[in-house]
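As structure tokens, the structure follows; a few thoughts come after it.
Below, chain A is the first sequence line, B the second, and so on; all start at residue 1.
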Amino acid sequence: MSYNPNEIEAKWQKIWESEKAFEPSDSLEQKKKYILSMFPYPSGRIHMGHVRNYAIGDAIARYYRKQNYNVLHPIGWDAFGMPAENAAIKHKLHPKKWTYENIEYMRKELSALGLSFSHTREFATCDPLYTKWEQEFIIKMYESGLLFRESTTVNWCESCHTVLANEQVEEGCCWRCDNPVQLKEMPGYYLDIIKYADELLTDLKILEGKWPQQVLTMQENWIGKSEGLEFEFELSEESKAKLHGRFEKYTVFTTRPDTIYGVTYSALAPEHPITKYIVEHGLVESKIAQKITHIANMAERERAQSEKEGHALGITVIHPLTGEEIPVWTANFVLASYGGGAVMAVPAHDERDYEFASKYNLPIKRVVGAEGELPFTGEGKLVDSAVFSGLNNQQAKAKIIAMFEEAGFGKGKVNYKLRNWGVSRQRYWGAPIPFVHCQQCGLVSEKIENLPVALPDDVEITGEGNPLDSHPTWKYCSCPKCGQEAIRETDTLDTFVQSSWYQFRYATNPKKWNEIGIDKEDAAYWMGVDQYIGGIEHAILHLLYARFFTKVLRDLGYHDINEPFTRLLTQGMVLKDGAKMSKSKGNTVDPDKLIEKYGADTARLFILFAAPPQKELEWNDNAVEGAFKFIRRLFERADRVVRNELPNIDHEALGKESKLARQKVYEALQKSKDVYEKTFAFNTLIAACMEALNALDKQDDGAVWSEGMYVMLNLLEPIIPHAAWELSEVLFGRANLSDVLKVKDEVFVHDSILYVVMIGGKKRAEIEVSPDASSEEILALAKEAGSKWLESMSIIKEVVVPGKLVNLAVKPAG
RNA sequence: GCCUCGGUGGUGAAAUUGGUAGACACGCCAGACUCAAAAUCUGGUGAGCUUGCUCGUGUCGGUUCGAGUCCGACCCGAGGUACCA
């Protein structure tokens with residue numbers, strides 16, 4: 001047969017579409033697999049990263065379908081977000097139109113790849129029906145206290161005109177546009193992810209061995225749990241008076257309570273209320289006040305990189321154990337958002353405190369270890385620490401915390417680096433936050449029956465300010481509670497909110513989509529996602545938020561799932577000339593053109609053959625050609641097939657080459673289970689099939705050819721589906737595709753076994769040994785074969801590895 | 001700095017988890033076909049030399065009959081994180 005990819009790919013795609021071949025069954029009884037590749041942002045065109053992502057997911061989905069699983073393999077669109085608004089500004093296109101046109105185009109591109117998606121479950125996250133349920137979740141979260149509105153210092157990107165979540169700041173810059181992030185005081189909506197920090201951390205253990213270690217470690221570090229002591233510094237009487245009695249004390253957190261006798265000063269963040277009060281009330285020189293204000297207004301990045309700087313605030317606090325008066329400073333390295341924005345400073349045992357104390361000539365008092373260089377942050381015995389002197393510092397930690405708790409001065413405390421998730425964005429193209437501001441009632445959530453609060457279509461997008469805010473009528477409404485005039489919230493939700501629950505939406509039968517957001521029974525059947533596939537760049541952002549949302553929606557009663565993604569595969573990037581493919585570098589390969597030239601099967605085969613999915617993939621045009629030739633060879637060899645079913649073969653009667661060919665075929669089959677279910681090393685399975693085809697070519701038994709093609713097409717169907725369906729249809733009426741194949745053990749039975757003879761650890765000879773030979777017989781043969789190397793040697797040890805090799809350890813005789 | 005993952009021919013990569021290093025493919029070389037080229041097919045292809053031996057999986061050491069694989073120290077690369085008290 002000749003191979004015409006364009007013709008057969010169009011033919012089968014049409015058949016799959018009209019037969020709705022890949023829709024899962026509604027029955028919730030059958031064994032199931034939920035295979036999900038991360039949904040795309042509809043940016044306009046697909047790129048090779050998408051092709052790789054969906055080729056991997058599709059191969060796994062098709063494999064399980066062949067194993068008679070009920071398979072859910074959906075696709076959708078992560079459709080809200082900034083590029084749509086930027087396009088609107090640039091090309092005067094409405095974000096909605098831009099987005100849906102892109103979806104239309106990309107859907108066509110993806111369908112050319114022959115992906116086995118369940119299209120009845122497809123949706124875009126900007127569909128009002130999706131927004132409706134999301135807004136309901138947000139309101140329930142508000143009612144349960146998990147969502148709150150407050151005014152704090154936020155990360156602000158001036159170029160995107162919006163607030164960023166902590167996770168969206170990369171090295172002090174905006175994750176989208178790379179502009180330096182400013183700190184700004186603003187009201188916003190927050191999700192209390194810290195409340196779930198401990199569960200998010202401990203449940204990482206469930207994922208061990210199923211998620212890449214790298215991702216688990218990144219999440220662990222991001223959550224950043226640390227245990228220590230929280231206590232209060234009381235201001236001296238004089239200082240209280242100086243602050244007009246407005247402040248009595250403040251809280252500090254330390255992971256080193258064992259060093260508390262070494263405290264020589266305390267430092268507050270420039271944003272700390274006491275610092276602010278002092279600056280605003282002229283309690284320090286105006287020059288110093290200016291400097292402090294300057295620090296507070298610096299961009300986060302700049303501040304982190306600048307030298308340690310601080311100013312004495314002219315107040316003191318009382319050491320809770322010694323009663324000493326300790327000076328209070330403000331310092332640029334104290335973070336407002338962590339541990340109360342204040343620290344006790346122990347310069348002898350903390351590098352930062354030491355650097356600061358050295359610069360400003362503050363006293364340094366050693367309390368751990370007898371001698372050696374300072375600062376010393378290691379383990380040791382306490383000195384000059386009253387009753388705790390002489391204790392090992394680890395023991396002292398526990399005792400000092402216990403003592404504080406007993407005396408009521410403080411308590412053991414767990415802190416997290418993780419910050420609460422700021423979900424409001426000052427942008428148009430997102431899901432509106434369903435709240436109104438009422439003069440009478442304050443912040444009020446919209447009534448559930450009024451959802452969705454939909455975006456107005458008639459907006460002018462200029463890039464200046466939030467179009468919802470400047471819309472003439474949209475924000476004016478009546479209060480859902482008292483009916484008075486009120487103002488609608490004009491902030492929209494972070495787009496990561498949509499991608500935090502889409503996996504549950506797919507799992508919900510679309511027949512119920514109008515009535516319900518997430519169906520509990522459907523979720524119990526389909527969730528968690530058995531295999532999730534996506535880029536490592538989502539290791540923290542999306543994967544942490546989605547895990548969090550899953551737990552929150554569980555606690556709100558929507559379902560009973562603890563973790564959304566049972567197994568995770570992070571695919572490597574697609575490179576060309578050693579660099580990531582990008583338009584700006586001009587090293588892209590256009591998937592459409594590739595498919596036009598070689599067909600989708602070649603594209604899929606190359607991508608899965610060139611490297612294991614977890615690794616980076618270097619593009620190679622010649623190797624693409626090679627992939628095409630392999631498929632063409634399969635078509636050419638179809639003529640060798642003489643039976644239209646799996647033949648029964650008398651193995652013993654075959655010639656040597658035919659026996660070897662059968663062995664290669666079944667080696668490939670044996671390998672396939674591991675590849676499709678565990679390692680995803682498709683490259684090795686494809687190589688095994690190539691070996692099998694090479695071996696088949698060296699013999700001409702028609703039955704062996706028939707069996708070989710029957711099995712190989714079954715194994716390759718998930719990778720090159722169009723070619724496999726076409727050949728299987730013609731040769732076997734597709735019976736081989738629905739068959740769950742079994743390995744035939746007789747092909748691995750041999751008349752003789754090859755043993756490698758090693759002498760002194762070096763390979764010296766090979767011997768053919770009968771399968772039932774004893775160790776003694778094998779050794780005798782080995783010694784004979786290796787006699788040349790045994791002359792004037794004496795054997796000190798004889799090792800026989802059954803079925804493999806003989807190793808004779810030797811030393812010179814005499 | 002800290003954490004994680006890597007380092008194997010000219011290239012992409014294999015190696016049943018401690019058992020013949022380099023499967024499979026790309027490239028290259030030679031041959032066949034051709035007036036010629038392309039395409040196709042066949043064979044070869046880790047390095048070195050004295051042509052059957054030596055060396056060879058980032059470097060150095062260790063364990064073992066046997067190490068790409070395990071242990072220790074180091075070098076290099078990629079990613080993450082960065083004043084979290």
Side-chain angles (χ1 to χ4, degrees), chain A residues 170-172 212-222 224-226 228-229 252-257 259 266-267 301 303-306 308 331-335 337-346 349-353 355-356 377 415-419 536-537 539-540 570 572-573 575 606 609-612 614-627 629-630 632 636 667 670-671 674 681 683-694 754-766 788 795-810:
Chain A
E170 293 173 350
E171 296 184 346
Q213 185 53 46
Q214 203 188 155
V215 176
L216 296 176
T217 310
M218 280 163 72
Q219 292 216 349
E220 192 184 327
N221 292 341
W222 190 263
K225 181 178 181 170
S226 59
L229 170 71
V252 295
F253 173 73
T254 179
T255 54
R256 293 296 305 273
T259 64
S266 170
R301 177 80 186 273
R303 189 155 136 193
Q305 283 176 344
S306 53
K308 299 241 175 327
N332 65 346
F333 67 89
V334 179
L335 301 175
S337 52
Y338 187 80
V343 296
M344 68 175 207
V346 185
H349 304 291
D350 183 282
E351 280 169 27
R352 297 152 302 183
D353 296 348
E355 202 185 320
F356 191 81
T377 55
N415 256 329
Y416 299 94
K417 281 194 209 177
L418 186 69
R419 313 226 192 130
I536 185 92
E537 66 272 21
I540 296 171
T570 48
M573 284 192 303
L575 309 178
F606 166 73
F609 180 57
Q614 299 86 344
K615 276 193 79 168
E616 289 179 338
L617 182 146
E618 176 70 34
W619 196 263
N620 179 336
D621 288 328
N622 286 318
V624 173
E625 184 88 30
K629 284 179 194 168
F630 174 69
R632 194 176 61 190
E636 285 164 358
E667 273 173 9
Q670 212 165 30
K671 190 171 200 85
D674 233 31
N683 53 330
T684 63
L685 177 64
I686 295 163
C689 288
M690 287 172 168
E691 276 190 74
L693 188 60
N694 291 345
L754 183 77
Y755 273 74
V756 168
V757 179
M758 300 179 86
I759 292 163
K762 289 195 170 92
K763 181 188 167 186
R764 294 302 186 191
E766 288 177 352
K788 187 174 155 190
I795 297 172
I796 24 180
K797 188 159 186 179
E798 298 170 339
V799 181
V800 178
V801 182
K804 295 244 157 134
L805 55 77
V806 176
N807 193 4
L808 303 172
V810 293

Between atom [atom1] in [X] and atom [atom2] in [N], what is the gap in whole Å?
X: A/Asn622; N: B/U11; atom1: CG; atom2: P; value: 15 Å
X: A/Asn221; N: B/C83; atom1: CG; atom2: P; value: 14 Å
X: A/Phe253; N: B/C83; atom1: CZ; atom2: P; value: 16 Å
X: A/Lys762; N: B/U20; atom1: NZ; atom2: P; value: 16 Å
X: A/Leu685; N: B/A14; atom1: CG; atom2: P; value: 13 Å
X: A/Ile536; N: B/G79; atom1: CD1; atom2: P; value: 12 Å
X: A/Lys417; N: B/C83; atom1: NZ; atom2: P; value: 8 Å

Is the distance from OP1 or OP2 of [N] to the nearest side-chain N or O of [X] less than 4.0 Å?
X: A/Arg632; N: B/U40; answer: yes
X: A/Asn620; N: B/A13; answer: no
X: A/Lys615; N: B/A13; answer: yes

Nearest-nucleotide pick for [X], side chain only, options being [options]:
X: A/Gln213; options: B/C65, B/C5, B/A25; answer: B/C5
X: A/Val801; options: B/G19, B/A23, B/C26; answer: B/G19
X: A/Phe333; options: B/U16, B/C83, B/A13; answer: B/C83
X: A/Val799; options: B/G19, B/C26, B/U54; answer: B/G19
X: A/Lys788; options: B/U4, B/U81, B/C53; answer: B/C53
X: A/Ala687; options: B/A23, B/U4, B/A14; answer: B/A23
X: A/Ala809; options: B/U40, B/C65, B/G79; answer: B/C65
X: A/Glu691; options: B/C24, B/U4, B/G80; answer: B/C24
X: A/Lys804; options: B/A85, B/G19, B/U81; answer: B/G19
X: A/Asn683; options: B/A14, B/G19, B/C83; answer: B/A14

Next on the checklist: Here's a test of your reading of the structure: between A/Ala304 and A/Leu808, which maps to the more 5' nucleotide of RNA chain B?
Outcome noted: A/Leu808
Checklist entry - Closest nucleotide of RNA chain B for A/Leu754 versus for A/Val343: which of these residues is on the 5' side? => result A/Leu754
Base, sugar-phosphate or nothing for [X]? Non-hydrogen atoms, less than 4.0 Å.
X: A/Ser226; result: sugar-phosphate
X: A/Glu616; result: sugar-phosphate
X: A/Asp674; result: nothing
X: A/Ser306; result: base
X: A/Glu618; result: nothing
X: A/Lys629; result: sugar-phosphate
X: A/Arg419; result: base
X: A/Leu617; result: nothing
X: A/Phe609; result: base
X: A/Pro212; result: nothing
X: A/Val334; result: base
X: A/Asn807; result: base
X: A/Lys308; result: base

Which pair of heavy atoms, one from [X] and one from [Y], lies closest together, and at what distance?
X: A/Met690; Y: A/Phe609; result: SD-CZ, 3.8 Å
X: A/Leu617; Y: A/Phe606; result: CD2-CE2, 4.0 Å
X: A/Val334; Y: A/Ala267; result: CG2-CB, 3.8 Å
X: A/Met218; Y: A/Ala539; result: CE-CB, 3.5 Å

Checklist entry - Is the number of heavy atoms from other residues, nucleotides or ligands within 6.0 Å of CD (A/Gln670) greater than 12? => result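 More than 12 within 6.0 Å, yes.
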Which whole number of Å gives the distance between the [atom1] atom of [N] and that of [M]?
N: B/U11; M: B/U20; atom1: C1'; value: 25 Å
N: B/A21; M: B/A13; atom1: C1'; value: 13 Å
N: B/G80; M: B/G18; atom1: C1'; value: 33 Å
N: B/C71; M: B/U64; atom1: C1'; value: 12 Å
N: B/C60; M: B/G9; atom1: P; value: 15 Å
N: B/U50; M: B/G1; atom1: P; value: 48 Å
N: B/A14; M: B/G22; atom1: C1'; value: 7 Å
N: B/C75; M: B/A25; atom1: P; value: 40 Å

Checklist entry - Atom NE2 of A/His349 and atom OG1 of A/Thr377: how far apart are they, to the nearest 0.5 Å? => result 9.5 Å
Checklist entry - Is the backbone N or O of A/Ser226 less than 3.5 Å from a side-chain atom of A/Asn415, with the two atoms forming a donor-acceptor pair by type? => result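 No, the answer is negative, given that no donor and acceptor are paired below the 3.5 Å cut-off.
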Checklist entry - Do A/Lys308's NZ or CZ and the ring of A/Phe333 fall within the cation-pi criteria of under 6.0 Å and 45°? => result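 Positive - A/Lys308 is close enough to the ring of A/Phe333 and near enough to its axis.
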Next on the checklist: Quick one, A/Met344 with A/Thr259, criterion side chain to side chain contact (heavy atoms under 4.5 Å, CB included). Give me CA distance, side-chain angles, the key distance, then yes/no.
Outcome noted: CA-CA 10 Å; A/Met344 68 175 207; A/Thr259 64; 3.8 Å; yes
